[in-house]
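This report refers to the structure that appears directly beneath it.
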Protein chains: 2
Amino acid sequence: MDYSTAKRINQLLTTVYGDIVRVEELALRKSQFKDISIKEVHAVDAISMYEHKTTSEVARELRITPGTLTTMVNHLVRKDYVQRIRSDDDRRFVRLGLTHRGRLIYRAHASFHRQMVESFAKDMDDEQLQIIEKALLNLEAFLEFASPTPNK
Amino acid sequence: MDYSTAKRINQLLTTVYGDIVRVEELALRKSQFKDISIKEVHAVDAISMYEHKTTSEVARELRITPGTLTTMVNHLVRKDYVQRIRSDDDRRFVRLGLTHRGRLIYRAHASFHRQMVESFAKDMDDEQLQIIEKALLNLEAFLEFASPTPNK
DNA sequence: TCATTTAGTTTCGACCTCAAAATAATAGCA
DNA sequence: TGCTATTATTTTGAGGTCGAAACTAAATGA
């Protein structure tokens, strides 16, 4: 790979995420959901619609500590996006679910990502999509090699 | 594009950045540069080796306010990564440069990114690289469309 | 000279995060 | 059963990152 291509791809890779977050944040400010941050939306996304995961499960998925998630959930409950459901079988567990309002923003966020991926892969055939997926998997493998994830 | 492919690519896109940051942060902790955060390294990267950009220029590049950069530069100066250089022609401008220590970490960071991009594009020919670049540019175009950048 | 503009800095408050201690519930075992 | 250890979550305290707005210093220009 020649030097300038490497540089351009590196540039794109490093700016793209920040741009996604910036656009999402801006969209929120203009929507009916002005009282929620992008981090909080990601928590809503991880909590998801039907599964009622526990606090620890969601925290692991978001790669944050349970303590951090607890305060986040406190805010999301107060703002009526999330509800806590105590397990009856083992009352130490807290299961998390979305309220009506939470489901609304969950769908809006999912829709944004759907559009985003579609535009990303615009005009591409299956073979080309495979190349892209391969590249992303290469990258994940490199990162995994550079610093193995503590599995669970 | 079929549903499961879209889902996998979305998953990869959304986790990859967090993984990059996590790996970079971990590498710093294990290196000789334990007193610098990944955000600060990105500031060092934006300040770069030879140009002596002004505070505002660097802030714009990092998409943060000049005020935020000022406090960041305060820390980086105290930790001997960055130096302030007052312009003689117009004494309002502060030009930023790297110290010896700053240049060391600049090169370490650049090297990490070089390795990363190389592994990303492993085994790919020019045509395949073009497809990837095209996809990333598609994504940037979508984001630009979703929320135009205030050009300067 | 004096108002305006420009570059940078300071201050304040908001948000996100973790580590460690505290709390609550359950499981295991003598 | 009663005690201990373990597990899940919450609370507390502190630090990093960030922007908005007020402020300072320097240059410009009428």
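In what follows, every chain begins at residue 1, and chains take the letters A, B, ... in the order their sequences are listed.
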Problem - Annotated protein contacts, base or backbone, on nucleotides 10-29 of chain C with a non-hydrogen cut-off under 4.0 Å, one of B, S, - each - result: B-----SBB------BS---

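The phosphate of dT9(C) has OP1 or OP2 within less than 4.0 Å of a side-chain N or O from Arg84(B). In this model, the phosphate group of dG8(C) is approached by a side-chain N or O of Thr55(B) to a distance below 4.0 Å at OP1 or OP2.
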Handout entry: Trace of the side chain to side chain donor-acceptor pair (under 3.5 Å) decision for Glu24(B) with His113(B)
Key = CA-CA 10 Å; Glu24(B) 286 187 325; His113(B) 273 264; 2.8 Å; yes

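A donor atom on one side chain and an acceptor atom on the other are found under 3.5 Å apart for Glu140(A) and Thr15(B). Side-chain polar atoms of Ser87(B) and Asp90(B) form no donor-acceptor pair below 3.5 angstrom. With 3.5 Å as the limit, one finds no donor-acceptor pair spanning the side chains of Asn74(A) and Thr71(A).
Screening Arg84(A), Glu40(A), Arg78(A) against Val73(A) for a side-chain contact (heavy atoms from CB on, under 4.5 Å) leaves a single residue, Arg84(A).
Nearest heavy-atom pair, Asp45(A) versus Tyr106(A), reported as atom, atom and distance to 0.1 Å: O-CE1, 3.6 Å. Leu143(B) approaches Val16(A) most closely through the heavy-atom pair CD1-O, 4.1 Å.
For DNA chain D, the outermost nucleotides in 5' to 3' order that have an atom under 4.0 Å from a heavy atom of chain B are dT17(D) to dA27(D).
Within the structure, every pair that satisfies the salt bridge (charged side-chain N to carboxylate O under 4.0 Å, His left out) test and touches residues 93-107 of chain A, not counting sequence neighbours, is listed here: Asp35(A)-Arg101(A).
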